[in-house]
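Heads up: the structure comes next, in structure tokens.
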Amino acid sequence: MPELPEVETVVRDLRPLLVGRRIASIAVGPHALRRPWSKNWARMLRGRQVTAVARRGKWIVVHLDDGQHLVVHLGMTGQLTVAPSQLPMNNHTHWIVVLDQGYDQLRFRDIRRFGSVTRFRDTMALSKFFESAQLGPEPFEVEKPYWQKTLRRTERCLKAVLLDQRVVAGVGNIYADESLFQARLHPTLIACRLANAEQERLRKAIGVVLQRAIERRGSSIRDYIGGSGLKGKYQEEFRVYGRTGRPCLRCRSPIERIRLAGRSTHFCPQCQFPVPSSKSRVRS
DNA sequence: ATAGGCGCCTGCTGGC
DNA sequence: TGCCAGCAGGCGCCTA
């Protein structure tokens, strides 16, 4: 579920709760997550102190005082929270870090188990991992020349391009649809055929939408909660996502839903120009 | 090399 | 009421 705004919210919540705290012990459940957890990692991490909590795309990175790193991906249903140890354990909790004297725990819960928790020996191993992932720039740091060059060289539709983490890191299904609406671009438009002005509209729309979503602590549709357990509120501001058949808030046309790049895709057929034919651009 | 499809999991909803 | 298909915020592997 979680895309950049949700992951950023988790990171901001966790930072004051984790930095400076020490790992007393780690318990791992019987169910495998997406990436393997080695048995001896718990021993290697014991006694280490958290120095920083960061984010890269949809990945959460916990820095430790001896150079080791914990890297968490929330997948579709992951929840990473700090909770008092007495708080009853929810089902689907797969990974528990006991902190300091044991009063608090860092817990990873993930219903569908598409998420993962990994450990890296040092900064070198961590950067090698991110290198192989080929993550694109953070959405707020996308430069105009890079954006132009990247869009020009692919014949995929805009929806597929936005979902590609190598192009921009952190955009997922919700924010791809919302950004395309904000830019007034149809999701089936072919990336390399965009005019310069359209490229710019999209680049800016992504930033505007994600920034606003972070302000609202992300979107909680069903499972998502932040690092302190609070839900997000951006779902109240969705213009297209999940609004199939309901009137567009701008023009009242019913929002449509199609399948694109394997994902359900929502758009306003009126506000988001359909096909890039020169004819449809001519003003009457 | 690139683009699309499927599988991985569990849980919920809506139609019959 | 019960069953089953379809759907869900992600990603990685396979194939053409």
Side-chain angles (χ1 to χ4, degrees), chain A residues 1-11 29-36 55-60 71-80 90-95 108-118 129-136 139 150-180 187-193 206 209-210 213-214 216-226 231-245 257-266:
Chain A
M1 54 130 113
E3 306 178 32
L4 187 147
E6 290 76 30
V7 179
E8 178 63 24
T9 301
V10 169
V11 164
H31 297 285
L33 298 172
R34 186 155 251 265
R35 317 181 82 84
R55 178 189 61 73
R56 175 74 177 98
K58 298 175 194 171
W59 298 87
I60 298 166
V71 173
V72 179
H73 197 290
L74 301 177
M76 291 275 258
T77 52
Q79 303 174 343
L80 192 63
N90 275 316
N91 54 353
H92 304 294
T93 301
H94 305 292
W95 188 80
F108 181 68
R109 174 171 190 251
D110 186 359
I111 296 168
R112 292 175 71 182
R113 279 186 270 140
F114 290 170
S116 63
V117 186
T118 324
F129 169 75
F130 279 128
E131 241 170 68
S132 69
Q134 297 180 265
L135 289 183
T150 307
L151 293 187
R152 283 268 177 263
R153 65 195 262 198
T154 181
E155 299 192 19
R156 294 140 90 198
C157 67
L158 293 181
K159 178 65 184 274
V161 171
L162 290 183
L163 291 177
D164 187 343
Q165 300 302 295
R166 295 169 303 182
V167 174
V168 206
V171 177
N173 206 36
I174 292 177
Y175 299 107
D177 286 3
E178 293 297 322
S179 299
L180 287 166
T188 61
L189 288 173
I190 301 303
C192 61
R193 300 202 197 131
I206 296 167
V209 166
L210 292 181
I214 291 172
R216 304 290 272 131
R217 300 183 47 86
S219 311
S220 288
I221 296 172
R222 42 177 75 81
D223 304 304
Y224 169 74
I225 53 170
K231 293 191 169 199
K233 288 183 182 272
Y234 189 72
Q235 68 279 4
E236 295 166 5
E237 299 182 25
F238 286 169
R239 310 289 193 126
V240 285
Y241 186 84
R243 298 194 66 250
T244 314
R257 184 174 77 140
I258 56 172
R259 196 133 197 107
L260 215 51
R263 315 297 299 276
S264 102
T265 300
H266 314 73

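Chain identifiers are assigned alphabetically (A, B, ...) following the order of the sequence lines, protein sequences preceding nucleic acid strands; residue numbering begins at 1 within each chain. Quick note: numbers below take in every heavy atom, side chains included, and nothing from hydrogens, waters or symmetry partners.
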Task: Whole angstrom value for the distance that separates P of C:dG6 from CZ of A:R259 - done: 11 Å
Open item on the list: For a quick check of understanding: with a heavy-atom distance under 4.0 Å over all strands, which category does A:Y241 fall into, base, sugar-phosphate or nothing?
Closed with: sugar-phosphate
Task: Between A:D110 and A:H94, a side-chain donor and acceptor under 3.5 Å - done: no
Open item on the list: Just the rounded figure in Å: distance from C1' of C:dG10 to CD1 of A:I111.
Closed with: 15 Å
Open item on the list: The criterion is side chain to side chain donor-acceptor pair (under 3.5 Å); which residues satisfy it with A:T265, sequence neighbours excluded?
Closed with: A:K159
- [ ] Let me know the distance between CZ of A:R263 and C1' of C:dG6, rounded to the nearest Å.
- [x] 15 Å
- [ ] Verify the distance criterion only: is there a donor paired with an acceptor across the side chains of A:Y175 and A:S219 at less than 3.5 Å?
- [x] yes
Open item on the list: Please compare A:R113 and A:T154 by the position of their nearest nucleotide in DNA chain B and report the one closer to 5'.
Closed with: A:T154
Task: All stems with DNA chain C, defined as three or more consecutive Watson-Crick or G-U pairs under 3.5 Å - done: B:2-8 with C:10-16, B:10-16 with C:2-8
Task: Between C:dC7 (P) and A:R257 (CZ): distance, integer Å - done: 6 Å
Open item on the list: Between A:R152 and A:C192 (side chain of the first, backbone of the second, donor and acceptor by atom type, cut-off under 3.5 Å), is there such a pair?
Closed with: yes
Task: Verdict with supporting geometry, A:E236 and A:R216, salt bridge (charged side-chain N to carboxylate O under 4.0 Å, His left out) - done: CA-CA 9 Å; A:E236 295 166 5; A:R216 304 290 272 131; 3.1 Å; yes
Open item on the list: Minimum heavy-atom separation for A:I214 and A:T9, please, with both atom names.
Closed with: O-OG1, 4.4 Å
Open item on the list: So that I can tick it off, tell me whether A:R263 and A:D177 are bridged by a salt bridge, with the cut-off set at under 4.0 angstrom between side-chain N and carboxylate O.
Closed with: no
Task: A:R112 side-chain N/O to C:dC7 phosphate OP1/OP2 under 4.0 Å - done: no
TODO: Using a heavy-atom cut-off of under 4.0 Å over every strand shown, decide if A:R166 touches base, sugar-phosphate, or nothing.
DONE: nothing
Open item on the list: Once you apply a heavy-atom cut-off of 4.0 Å, does A:G262 come out as touching a base, just sugar-phosphate, or nothing?
Closed with: nothing
Open item on the list: For chain A and DNA chain B, what are the first and last nucleotides along the strand, 5' to 3', with at least one atom under 4.0 angstrom from a heavy atom of the protein chain?
Closed with: B:dA3 to B:dG11
Task: Distance, P atom - from C:dC14 to B:dC9, rounded to whole angstrom - done: 16 Å
TODO: Would you indicate what A:I221 reaches in the nucleic acid, counting non-hydrogen atoms under 4.0 angstrom: base, sugar-phosphate, or nothing?
DONE: base
Open item on the list: Regarding A:H31, tell me which of base, sugar-phosphate or nothing describes its non-hydrogen contacts under 4.0 Å with the strands shown.
Closed with: nothing
Task: Nearest non-hydrogen partners of A:Y241 and A:E178, listed with the distance - done: N-OE2, 2.8 Å
TODO: Considering only atom P, compute the distance from B:dC6 to C:dG6 and round it to an integer number of Å.
DONE: 13 Å
Open item on the list: Using whole Å, what does the distance between atom P of nucleotide C:dG10 and atom CE of A:M76 come to?
Closed with: 6 Å
Task: Spacing of A:Q165 atom CD relative to C:dG10 atom P, expressed in whole Å - done: 8 Å
TODO: Starting at atom CD1 of A:I60, determine the distance to atom C1' of C:dG10, rounded to an integer number of angstrom.
DONE: 14 Å
Open item on the list: Between C1' on C:dC13 and CZ on A:F114, what's the gap in Å once rounded to a whole number?
Closed with: 14 Å
Open item on the list: Testing the basics here: between A:A176 and A:L162, what is the closest heavy-atom pair and its distance to 0.1 Å?
Closed with: O-CD1, 3.8 Å
Task: Plane angle bin for A:F129 and A:W59 - parallel if under 30°, tilted between 30 and 60°, otherwise perpendicular - done: perpendicular
